[in-house]
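Worksheet for the structure shown next.
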Amino acid sequence: MKKIVIAIDGHSSCGKSTMAKELAKNIGYVYVDTGAMYRAVTLYAMQHGQFPDTGIQEDALRTDIEAGRVKVSFKFNAETGRPDTYLNGVLVENEIRQMEVSNRVSPIAALPFVRTLLTEQQKAMGREKGIVMDGRDIGTAVFPNAELKIFVTATAEVRAQRRYDELLGKAKTKEEADALRFDEILKNVQERDYIDSHRETAPLRQAPDAIVLDNSHMTREEQNAWLLQRYKEATA
Ligand code: DC
């Protein structure tokens, strides 16, 4: 069967990654989570004091990026069946999912020099096709010629609830669980929507040829079946 590029874009916490990973596993494609790449760069900036409360130290980050000091890569984890994210060779899969990173990632993802670096890497990853990539600008900026483009959305409340449940499931202590606030998570989801869709470079936008999926009222199984069907149609 011919190999294609599958671009999955949409809002934060709408379950894109879960769907995309599941599809890639089922059809034997490589899965790339581009949000993880922006998160890893954000973690780098935080670790190097480039993110004081006064704002991002853009010049310091640009210098490090231009000097090749920020390397993001993925390694397949046979145990989970999914790729793990590495920053300069160090496993950062858990760190990049924390709220401290989620709260800071959008302004980093809006920096044109960060987008240029990551977009180039993403294009290179798709050269051989047989790839499922999820993000915000995959169908518009990274692979405008992707054979299958999906734009996923759900209401902000549904997405905040999903993120709340996910973080609750990951909480290791009662204190961690008690510290979670639905209203804070909802605010974070809404803020990220705003920044992601209003930035100048490659804003979150539905590609004209993307198929829209509003999964507010769908189960995971229904979404997976829906996506597999779109893949079959695109490769028929
Ligand atoms: O999908 P996510 O929540 O892990 O993405 C993290 C952030 O990165 C989010 O604020 C949007 C940004 N992002 C982006 O600008 N472009 C992408 N292709 C992927 C993510």
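Order of appearance sets the numbers: ligands from 1, and atoms from 1 within every ligand. What's counted below: heavy atoms across the whole structure, side chains too, no hydrogens, waters or symmetry copies.
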A109 heavy atoms within 4.0 Å reach ligand 1 at atoms 12 (C), 15 (O)
| Taking the non-hydrogen atoms of Q122, is any one of them nearer than 4.0 angstrom to ligand 1? | no
Atom 11 (C) of ligand 1 sits nearest the protein heavy atom D196 OD2, 3.4 Å
So for atom CZ, which belongs to F182, do other residues, nucleotides or ligands contribute more than 12 heavy atoms lying within a distance under 6.0 Å? yes
query = If you draw a 6.0 Å radius around CD in E200, do more than 12 non-hydrogen atoms from other residues or ligands fall strictly inside?
reply = no
protein heavy-atom neighbour closest to atom 20 (C) of ligand 1 works out as G35 CA, 3.6 Å
Practice problem: Could you say whether the N/O atoms of D33 and ligand 1 ever approach to under 3.5 Å? | Solution: no
The option among R163, R136, K16 carrying the non-hydrogen atom nearest to atom 9 (C) of ligand 1 is R136
Check: With only distance considered, is R192 within less than 3.5 Å of ligand 1 through an N or O on each side?
Finding: yes
Would M37 count as a contact of ligand 1 if the rule is a heavy atom under 4.0 Å away? no
Does NZ or CZ of K75 fall inside the cone over Y86's six-membered ring, less than 6.0 Å from its centre and within 45° of the axis?
-> yes
Check whether V132 and V32 end up in the same hydrophobic cluster, where Ile, Leu, Val, Met, Phe, Trp and Tyr are linked by side-chain heavy atoms less than 4.5 Å apart.
no
E22 and N224: side chain donor to acceptor below 3.5 Å
no
Practice problem: Count the heavy atoms belonging to other residues, nucleotides or ligands that lie under 6.0 Å from CD of E233, then report whether that count exceeds 12. | Solution: yes
The closest protein heavy-atom partner of atom 10 (O) of ligand 1 is S106 OG, 3.0 Å
heavy-atom search around atom 4 (O) of ligand 1 in the protein gives R39 NE, 2.7 Å
re atom 19 (C) of ligand 1, the protein heavy-atom contact at minimum distance is T34 OG1, 3.3 Å
Would Y38 count as being in polar contact with ligand 1, using the rule that some N or O on each side must be under 3.5 angstrom apart?
no
Residues A24 and Y31: closest non-hydrogen pair is CB-CB, 3.7 Å
closest protein heavy atom to atom 16 (N) of ligand 1 is R115 NH2, 2.9 Å
Side chain to side chain contact (heavy atoms under 4.5 Å, CB included) for T34 and M133? Distances and angles first, verdict last.
CA-CA 7 Å; T34 62; M133 192 173 276; 3.5 Å; yes
Could you tell me whether R115 and D137 make a salt bridge, using a distance below 4.0 angstrom between a side-chain N and a carboxylate O?
yes
